[in-house]
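Heads up: the structure comes next, in structure tokens.
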Amino acid sequence: MNKLINEIRSNRNTDRVIKCDVPLDIEMDVRYKGQKSTNIPNLSENTLLRHFTNLSRRNYALSTTFYPLGSCTMKYNPVVNEKIAAFEEFSSVHPYQSEETVQGSLEIMYELEKSLCEVSGMDNFTLQPAAGAHGEYAGLLIIAGYFKSIKEKRTKIIVPDSAHGTNPASAALAGFEIISLKSDENGIVSPENLKAVLTKDVACMMMTVPNTLGVFEKNIAEISEILHQNGSLLYYDGANLNAVMGIVKPADIGFDVMHINLHKTFATPHGGGGPGAGPVGVKAFLKDFLPVPVIVKENNKFKISFGDKKKSIGKMKAFFGNFPVLLKACAYIKALGGAGLKEASEQAVLNANYVLSSLKDKVSIPAGSVCMHEFVLSSKGHLGDGVKTLDVAKKLLDYGYYAPTIYFPLIVEEAMMIEPTETESKQVLDEFTDVLLKIIEESVSNPEILHNAPVNTYVSRLNEVEAARKPKLHW
Ligand SMILES: *Cc1c(COP(=O)(O)O)cnc(C)c1O
């Protein structure tokens, strides 16, 4: 056994400086006895540290660069939130502990629900869903459950053509048929177009406000009226609440159900697939359909209640969802307070308009010259010979920037969707727009260098289909 341990330790050049203080004659677990070789590489600590640090530097991250990825709200995430989520009092609790031993954790979730009610105007929330799309799916199951309970057969859902792809996908998964609604010439939903497709079997319409073109839907009051007259409901995709939090409450303007992406608007980091949280809020008449369990407050004690489960859509996720994500969002909301959230929205909208105004003479802005927290530009007709938006995005990588979202929404040709967020300074925004304008110029003067970009990154242009389908994860 000592031989095995010595084998692991040999070659560790740090041993020469700092002598090992762990006894060598420890009894190994019986399961490993007789094992001849570990096949663990013999590396010093600093070799290992350099390996992982260098790997991490091949990536783009908010902690290294500006990240204007439209629709994703890549704002700066205060480190204090991470520290709070890592407190042992939170990280060591187990969901099977008895209620009385986790009163603090239950209170935080209860408080977060109340804060989200305040921000959205909704009456009740569930924190269970693990992502925006998961929240949409939960919201649509709630709507399906509601119509079942009042014995109305409604099988269709209207989704505007500017919507995020998850909207039709969630509707299909929840068993609905999708009616795609064409946006009008200003990129918003027109009441006339809506009336033309509205039938008695429409369960709801899903709307994103501000929509994916970065425009506030102007006809919401009328749209809400038309739908409710028809007995249909209105769903709010609140993934991008960053332009309206503290300013407009979706429940006040006619929405019945919504989800919020905590991992966008409320500063909990995301990317790379998670973890996230997509809480769902509903008006009081839909409360009984929410997932169980719920947290209730009785005599100043917090309880986990399964209530009357008859109408509930059931469980959406084990226990209470992604608890650390909830903690970070709660810390963020408490730190900013109502006034701070409003200021964050205002600053996000100001920053987006600032970038838009710096670019608008050199590209097309199909949805007009004023935006909310993000905007979509079209580079069609503004680039040099054979240069596409994809080439511009790749060239941005050479200048050290993460590229904006491209080719989305689908209704804008050669689209580039930019969301600066409130946490970037004027200096950063100026540097970014200077670079983008320079690239657009280069596309005319020297298109070749854009076709070959990126040249300064660890890997150059990949076959993107192969990279997604057959990734090479080791070498
Ligand atoms: C990000 C986003 C979603 C989906 O959220 P996920 O957490 O990625 O599932 C849905 N709708 C809109 C408008 C979004 O921006």
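Just follow the structure's listing: the first ligand is 1, and inside any ligand the first atom is 1.
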When you measure from [atom] to every protein heavy atom, which one gives the shortest distance, and what is it?
| atom | value |
| --- | --- |
| atom 11 (N) of ligand 1 | D237 OD2, 2.6 Å |
| atom 6 (P) of ligand 1 | G132 N, 3.4 Å |
| atom 5 (O) of ligand 1 | N261 ND2, 3.1 Å |
| atom 9 (O) of ligand 1 | A133 N, 2.8 Å |

Would you indicate which of G70, G238, G165, S71 comes nearest to atom 15 (O) of ligand 1 when only heavy atoms are counted?
S71
Which is closest to atom 13 (C) of ligand 1 in terms of heavy atoms, T405, V209, N211, N240?
N240
Given the ring of Y110, does K114 sit roughly above its face, with NZ or CZ under 6.0 Å from the centre of the six-membered ring and within 45° of the axis?
yes
Taking NZ, NE, NH1 and NH2 as the nitrogens, is one of them in K395 or D398 under 4.0 Å from a carboxylate oxygen of the other?
yes
So, are D123 and K283 salt-bridged, with charged N and O less than 4.0 Å apart?
no
Going by the angle between their ring planes, with limits at 30° and 60°, are Y402 and Y67 parallel, tilted or perpendicular?
parallel
K264 to ligand 1: N or O pair under 3.5 Å?
yes
Checking the N or O distance criterion of under 3.5 Å, is ligand 1 in contact with A239?
no
Which heavy atom of N240 sits nearest a heavy atom of H373, and at what distance?
CB-NE2, 3.4 Å
Taking only heavy atoms of [X], which atoms of ligand 1 are found under 4.0 Å from at least one of them?
| X | result |
| --- | --- |
| A131 | 7 (O), 9 (O) |
| T208 | 13 (C) |
| E136 | 10 (C), 11 (N) |
| H263 | 7 (O) |

Does the D161 side chain pair with the main chain of S180, one donor and one acceptor, at a distance under 3.5 Å?
no
Would you check if there is a donor-acceptor pair between the side chains of Y76 and E422 at a distance under 3.5 Å?
no
Would you say T166 and E136 are linked by a side-chain donor-acceptor pair, where the criterion is simply a distance under 3.5 Å?
yes
